Amino acid sequence: MEWKSVKNLLLVMLLLMNMILGFFNYQQYQENVLTSSQEKAIYQVLSQNRIILYTDILTKFPPMKKLSLSAPIYSRDEMKHQFFAQEEASITVEFNKTIITSETKTLTMEGNKGQLSFLNGTRENKKVTLAEARKEAEEFIHSLKNMENFEVGNVQETRNGYKVTFFQIYKGEYVFANCFEVYVGEKGISHVTLNYYNTEGFTGDKKDICFSDEALLTFLVEIEKEREETGIYETVTIQKMELGYDFQEMEDLKVDNVAKLVPCYRIYVLGKEKPYTINAYTNEIIREAKEI
């Protein structure tokens, strides 16, 4: 009977401990989640300042680590095989640039950056819709080797068609620094710009990040500055908001050829090709990206 009583007491204590842990876990969950009232409030504030939020906003914000990248090392033959397959192509070197040319396209690589130009497009001339542009871009990316971990992040209308941007997905997170921008027009793909580093992994301790509504308020302040500077007070439409990893400003990232990326929000605005980028640790606008 005595042992039975002890077991019952232990079971009660374990139950109480689980309830306490559950309570603290729930509290922490609540602290990292945007409430419906906060979400409603930011929509109202933006609307009052002639900013339309034409997208869903993120509502969960767990602490995040930094992400390490290093400069890529690749051979010219690897690049030729990746982008030209069985085509005959010539390779030339100009200073620190590698240029590979075939009858249909030209690839120019400089460090981690490159541009692939299709001399006559990729198909016969016809008008293209957003959905068609996205499909063509996805088919091209999927035709390349080892591109399974790149996904469409955003599709934007341009003067001559659409720009479809693919970001690397690393353990469920966007890596904005690793991207392919595929430009699709009436003749199919005109050119592709690429930016690529080797992803080394997460580093350091997890740190809290600002919520999406805080980042949107920082964006609002930036828009008001631009309005004052230009004297143009048009309505601004936010098409998309993303959270991922990018370079930060005001800090030297060149340490042993390794870069440390920080969590960042990207806010895409109708009529602007480049997004607004906000450091999610500091809730400050990033004006210039640094490179290795």
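One is the number of the first residue; the rest follow in order along the sequence. Fair warning: this is a prediction, and the values are worked out from it, not measured in the lab.
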- prompt: Can you name the side-chain hydrogen bond (donor to acceptor under 3.5 Å, both in side chains) partners of Tyr276, sequence neighbours left out?
  reply: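 By the side-chain hydrogen bond (donor to acceptor under 3.5 Å, both in side chains) rule, Tyr276 matches Glu226, Lys272.
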Check your understanding: Who are the side-chain hydrogen bond (donor to acceptor under 3.5 Å, both in side chains) partners of Arg76, not counting sequence neighbours?
Key ->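 Applying side-chain hydrogen bond (donor to acceptor under 3.5 Å, both in side chains) to Arg76 gives none.
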- Message: Would you say CD of Gln44 has more than 12 non-hydrogen atoms from neighbouring residues, nucleotides or ligands within 6.0 angstrom?
- Response: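 Yes, enclosed.
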Validation row, ring centre [X] to ring centre [Y] under 6.0 Å:
X      : Y      : value
Phe176 : Tyr245 : no
Tyr174 : Phe166 : no
Phe180 : Phe140 : no
Phe247 : Tyr197 : yes

Of all residues at least two apart in sequence or in a different chain, which pass the salt bridge (Lys or Arg N to Asp or Glu O under 4.0 Å) check with Glu110?
->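 Partners of Glu110 under the salt bridge (Lys or Arg N to Asp or Glu O under 4.0 Å) test: none.
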Check: [X] side chain, [Y] main-chain N or O, donor-acceptor pair, under 3.5 Å:
X      : Y      : answer
Tyr281 : Met64  : yes
Lys187 : Arg123 : no
Tyr265 : Cys210 : yes
Ser68  : Lys260 : no

Measure across Glu136 and Ile189 and return the closest heavy-atom pair with its distance rounded to 0.1 Å.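 Answer, listing the atom of Glu136 first, then Ile189: O-CD1, 4.1 Å.
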Let me see the working for Lys127 and Glu132 under salt bridge (charged side-chain N to carboxylate O under 4.0 Å, His left out), right down to the final yes or no.
-> CA-CA 10 Å; Lys127 287 189 176 180; Glu132 290 170 339; over 6 Å; no
message: Does Lys126 form a salt bridge (charged side-chain N to carboxylate O under 4.0 Å, His left out) with Glu186? I'd like the steps, not just the answer.
response: CA-CA 5 Å; Lys126 73 165 188 175; Glu186 293 184 352; over 6 Å; no
